[in-house]
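Notes for the one structure printed next.
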Amino acid sequence: MLSYLTRWMSRGAFQALKGASSRPQLVKTPHIGNQTLAAAPLPFTGGSPGVRQARALDQERLLQIDWDDGSCSLYPFTWLRDNCQCPHCTLQSAQARSLLFSNLDVHTGMDQVQLMENKVSITWPDQHSSEFDPDWLKKRCFSSEARQALQEELFLNGCIYFMKLEITEREYWDSSLQIPTADFEEVLHDDKAALAWLEALRRIGIVYLRGAPAEQGQVARLSQRIGYLRLTFYGHTWQVQDKPMANNVAYTSGELSLHTDYPALHHPPGVQFLHCVRQADQGGESEVVDGFHMAEQLRREDPEAFNILSSLRVDFTDSGADYCDFSVQSKNHIIDVDSEGRVTRINYNNATRDSVLDMPVHQVQPFYSSLKAFVEMLSRPENVFTYRMEPGDLVTFDNWRLLHGRKSYLSRGQNSRHLEGAYLDWDEVMSRLRILRKAVRGDS
Ligand SMILES: C[N+](C)(C)CCCC(=O)O
Ligand SMILES: O=C(O)CCC(=O)C(=O)O
Ligand SMILES: [Fe+2]
Ligand SMILES: [Zn+2]
């Protein structure tokens, strides 16, 4: 897997960095242009598949399209009527459906289907007519292969482009991570660099940016590259410094064990930026671990612990005042899995884990033992990647996937270590990623 990672990295507009408890060192790799950086063209998006024949299967209420390449697709009448692209049914300026559901006959028949100038033209029983573009239809084919390909294009969720063998799923890593690194100003000003940044953020979960000015305001600048940042009770952006009467353990000079930020919220921030304005003279090194990788390893090595951490909800709490006063409570699984059993999010900050523990008394000890097994695994040297930020460095990472920590540091009051941070959500990041893909590669 790691050799694959290396191969992939060397194709990107990144310099591969390999660090072990020191400032990551530059490994020179050739800067390869857009063509090679771009992933394989997505299936069904290029060219124009010809329609050989279109016919209505009235019994099944399905439209069958036979394509020139010999393949065939089926579309339910109801779905076609629901997605009529005419100006009565679609508000063109918003690309949104204006047809009301109350006006949709979910058992509609079809009067006629014709091929007109390579468009599929349908007349409905009420004499409303719809025209569909073959490209548009082919992309929305209901076969499992086509659906998988389209979902991959939209969410980069991980599947293999059949034919092209371009693997785009998440890449798990350990202490030997070659951390993807890009130039801060290039990401701000160059679409190709920005796309490479966001794709690596999605796939690897962490990207290091260098060359930012060593002054406050850079995480806000970077968030404008995407859209807007996520406001929380700690403010639009927040200053990680040793503060008197700290309202969070992060605002001391103490060690922060591996954690995700803000599990006290039911929807923790998806993405985190941390920019180093000033580093400590002693201590303050950073640590990260791939939480998804670790959760999968726990599932294999200690299925009982995995089951407990993914099924028991744990209380988190956070109260105080910052942007304004707050009293936050949540109940989260330490390991979130979706309905198919895939790990989707890690929620764990030992500092905000509540003393309130809403579970039957006999489940308490098994819970602690399971958490101990997970935290012990996270902290193994072979799993943790360590680095030291210098002024002007900015790290961007997936806060749903990675756990991060920092060593304690020697505090010098006013002129001490200073990081500025900000949060974003994945919806906004993925939105920018899709737009950049289209701009850079011309994907449809
Ligand atoms: C850094 N800060 C204070 C904004 C959040 C720390 C994370 C947490 O309390 O879960
Ligand atoms: O100080 C650091 O390096 C990390 C700070 C942190 O994890 C946080 O503010 O939540
Ligand atoms: Fe944190
Ligand atoms: Zn219509």
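Just so we're clear, the structure is a prediction, and the values are computed from it rather than from any experiment. One-based numbering, in listed order, for ligands and for the atoms of each. Only heavy atoms go into these numbers, but all of them, side chains included; no hydrogens, no water, no symmetry mates.
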Quiz item: Taking the side chain from Thr396 and the backbone from Val207, do they hold a donor-acceptor pair closer than 3.5 Å?
Solution: yes
Quiz item: Is any side-chain N of the basic residue among Glu199 and Arg203 closer than 4.0 Å to the acidic one's carboxylate O?
Solution: no
Exercise. Considering only NZ, NE, NH1 and NH2 on the basic side and carboxylate oxygens on the acidic side, decide whether Lys119 and Glu117 come within less than 4.0 Å.
Key: no
Quiz prompt | Set of side chain to side chain donor-acceptor pair (under 3.5 Å) partners for Asp68, sequence neighbours left out | solution = none
Exercise. Could you name the protein residues that come within less than 4.0 Å of ligand 1, counting only heavy atoms, and order them by chain and residue number?
Key: Tyr234, Trp238, Asn248, Tyr251, Asp261, Tyr262, Pro263, Asn349, Thr352, Tyr423
Quiz item: Any idea which residues sit under 4.0 Å from ligand 2, heavy-atom distances?
Solution: Trp238, Val240, Ala250, Leu256, His259, Asp261, His404, Arg406, Arg417, Leu419
Quiz item: What is the total of protein N/O/S atoms that are closer to the Zn ion (ligand 4) than 2.8 Å?
Solution: 4
Quiz item: Should the pair Arg202 and Trp426 be classed as cation-pi, given the thresholds of under 6.0 Å to the six-membered ring centre and 45° from the axis?
Solution: yes
Practice problem: Mark yes or no for whether Asn399, through its side chain, and Thr260, through its backbone, hold a donor-acceptor pair below 3.5 Å. | Solution: no
Self-check item: Electrostatic pair Asp242-Arg412, nearest N-O below 4.0 angstrom
Solution: no
Self-check item: Lys/Arg N to Asp/Glu carboxylate O, Asp105 vs Arg81, below 4.0 Å
Solution: no
Quiz prompt | Salt-bridge contact Glu287-Lys407 (side-chain N to carboxylate O under 4.0 Å) | solution = yes
Quiz item: Would Glu185 and Arg221 pass as an ion pair if we require N to O under 4.0 Å?
Solution: yes
Quiz item: What is the distance from atom CG of Asn332 to atom CG of Leu312, rounded to the nearest 0.5 Å?
Solution: 13.0 Å
Quiz prompt | Side-chain ion pair, Asp66 and Arg52, N-O less than 4.0 Å | solution = no
Quiz item: Using 4.0 Å as the upper bound for N to carboxylate O, is an ion pair formed by Arg210 and Glu390?
Solution: no
